[in-house]
There are 2 protein chains.
Amino acid sequence: MSAQTKGGSRRRTPLTRGRVLKTAVRRADEGGIDSLSMRKLGQELGVEAMALYYHFANKDDLIDGMVDLVFAEIELPHSGDQWRSAMRQRAIAVCDALLRHRWAIGLMESRRRPGPANLRHHNSVIGTLRAGGFDIAMAAHAYSLLDSYIYGFALTKLNLPFDTADDVAEVAQSMLEPFPRDEYPNMVEILTDHVMKPGYDYGEEFEYGLDLILDGLERVRGAA
Amino acid sequence: MSAQTKGGSRRRTPLTRGRVLKTAVRRADEGGIDSLSMRKLGQELGVEAMALYYHFANKDDLIDGMVDLVFAEIELPHSGDQWRSAMRQRAIAVCDALLRHRWAIGLMESRRRPGPANLRHHNSVIGTLRAGGFDIAMAAHAYSLLDSYIYGFALTKLNLPFDTADDVAEVAQSMLEPFPRDEYPNMVEILTDHVMKPGYDYGEEFEYGLDLILDGLERVRGAA
DNA sequence: ACCTGAACACCGTTCAAGT
DNA sequence: ACCTGAACACCGTTCAAGT
């Protein structure tokens, strides 16, 4: 019944934290975090769920490791980069990583035991801002603002009840259907004259807002 | 054993959607969304879990109702308000509501069947922007930017691994503990010279970023 | 050292049945 | 009309036991 009893090889490559984590991330990417149960993960690795508890203290320990894998995917600014282009690139890289790993959005900021990639990331971003002329308090402002925007955008985009452009029309239609015409005229207008137009892509909003924020940061940096 | 068999009253006030929703929101506020199981909710209402399925199609239907209750708590701009003060007030009101109902953060934007309070909210915000001189595309930009920031800030604040100022020092300490000194100097600096200072409150970052964004929106509005 | 089996205390949901 | 009991297919985790 299990993978081991079939064929010649009785024992596969043994479990390691790294192999478990890679499989766990793939599973969560594909099926969502709710599909990542210890039992199913074990099954995918050809092992009983309980074997995982030999390598991880508990599910939270597993998630700590998964989050650090996501941080490791994000390219860091090189020292010497201009703060603005570095922050722009990094914002896009973080957003992309979150869109690849939607399950990670609420988890990236909450680690009590951040891994090395996590700490390297924060250290590098703060260093780039400080080198770009931001004092400590302003670097904190900038980091908070940028990360709130990045995480919020990814959260919003992934939670929108439609994925493709085709979906949009259908969903928008059925959202307003139960209500009398003319009850929400501004909603109707923006949906029909903007959102449902061909070529609309919510994803494009990201860089508009990002550049507006970077403009603002440039201004307060100059004023200090 | 059950509440009904004890004392005189055999049947309590019967279930209604409204009463179930109010109880569900309170439970989720207090114990988190994971503590909101159909069984526990039933128990709190003096009823078997299965009774809830008479009033709600499934758990998602329940959550649709809970989300609309949160939207209903958020005061809307009055028509005639200046766009900037209206957007500022509304951003603070949304952020406060999300901090009161942390379980709602990922759910507010994802309803395929938005309730009336949800639609009224969106309709009102878009209307205020349009009346303030934003054309359709710019109103869409502004709304996306503001909501990404608001939801992202609430998400980040609630996910930070510390709540109180006392926590901060302890958590910061233990985060860096497993690593060699001087490995993350910028992290150490900002933690010790800023975050761990008395009077630090991450919550105060919200209005700084909000005003920077509103300044930016004012500028692009003027340019159009 | 590394993994399993059985068990415990949970989930959401369906469905036939009760009042 | 409104609710219950039993059942199904799941969870995370513990612990003693196997190899």
Side-chain angles (χ1 to χ4, degrees), chain A residues 1-21 23-25 27-28 30-67 103 106-107 110 112-113, chain B residues 1-21 23-25 27-28 30-67 103 106-107 110 112-113:
Chain A
M1 174 139 185
S2 81
Q4 278 92 328
T5 59
K6 250 209 228 150
S9 66
R10 198 157 282 277
R11 271 273 168 283
R12 319 257 146 166
T13 42
L15 288 185
T16 61
R17 279 183 73 98
R19 203 158 69 84
V20 173
L21 287 173
T23 308
V25 166
R27 246 217 101 83
E30 287 166 6
I33 195 75
D34 283 342
S35 87
L36 184 79
S37 72
M38 299 301 261
R39 290 164 212 259
K40 285 187 193 153
L41 181 56
Q43 200 182 322
E44 194 156 335
L45 289 157
V47 108
E48 297 298 317
M50 299 74 206
L52 299 169
Y53 287 88
Y54 185 76
H55 300 275
F56 296 88
N58 47 38
K59 198 172 182 181
D60 223 55
D61 187 20
L62 178 77
I63 286 176
D64 280 346
M66 293 169 67
V67 166
W103 52 270
L107 305 171
S110 62
R112 296 188 106 86
R113 307 204 164 282
Chain B
M1 173 138 189
S2 79
Q4 278 91 328
T5 59
K6 251 209 230 148
S9 67
R10 197 157 281 280
R11 270 273 168 284
R12 322 251 144 173
T13 41
L15 287 184
T16 61
R17 278 184 73 98
R19 202 158 70 85
V20 173
L21 287 172
T23 308
V25 166
R27 247 218 100 81
E30 285 165 7
I33 193 78
D34 284 343
S35 88
L36 185 78
S37 73
M38 298 302 260
R39 290 164 212 260
K40 285 187 194 153
L41 180 57
Q43 200 183 323
E44 195 156 335
L45 290 157
V47 109
E48 296 300 315
M50 301 73 205
L52 299 170
Y53 286 88
Y54 184 77
H55 300 275
F56 296 88
N58 48 39
K59 196 173 183 180
D60 224 55
D61 187 19
L62 179 76
I63 287 176
D64 281 346
M66 292 169 68
V67 166
W103 52 268
L107 304 172
S110 62
R112 295 187 107 88
R113 307 204 165 280

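The shown structure was predicted, so the numbers you read here are calculated from the model rather than taken from an experiment. All chains are named by letter (A, B, ...) in the order of the sequence lines, taking the proteins before the strands, and each is independently numbered beginning at 1.
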Consider the side chain of [X], meaning its heavy atoms from C-beta on, and name the nucleotide among [options] that approaches it most closely.
X	options	result
B/Y54	D/dT4, D/dT13, D/dC2	D/dC2
B/Y53	C/dT13, D/dG12, D/dC2	C/dT13
A/K59	C/dT14, D/dT13, C/dC11	D/dT13
A/S37	D/dC3, D/dC11, C/dC3	D/dC11
B/M50	C/dC11, C/dG12, C/dC15	C/dC15

So do [Y] and [X] actually touch side chain to side chain, heavy atoms under 4.5 Å?
X	Y	value
B/L62	B/L52	no
A/F56	A/L21	yes
A/T23	A/V20	no
B/M66	B/L107	no

Paired nucleotide for D/dC10 [Watson-Crick or G-U wobble; both distances under 3.5 Å]
none
Base partner of C/dA16, which must satisfy Watson-Crick or wobble distances under 3.5 Å
D/dT4
For [X] and [N], what is the distance between atoms [atom1] and [atom2] respectively, to the nearest whole Å?
X	N	atom1	atom2	answer
B/R39	D/dC10	CZ	C1'	10 Å
A/L52	C/dT4	CG	C1'	12 Å
B/N58	C/dC11	CG	P	18 Å
A/L62	D/dC11	CG	P	14 Å
B/F56	C/dT14	CZ	P	16 Å
A/M38	C/dC11	CE	C1'	17 Å
B/E48	C/dG12	CD	C1'	15 Å
B/R17	D/dC3	CZ	P	14 Å

Is the distance from OP1 or OP2 of D/dC3 to the nearest side-chain N or O of B/H55 less than 4.0 Å?
yes
Does B/K40 place a side-chain N or O at less than 4.0 Å from the phosphate oxygens OP1/OP2 of C/dC10?
no
In whole angstrom, give me the gap between the P atoms of D/dA9 and C/dA9.
22 Å
Side-chain ion pair, A/R17 and A/D61, N-O less than 4.0 Å:
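Result for this pair is yes, salt bridge flagged.
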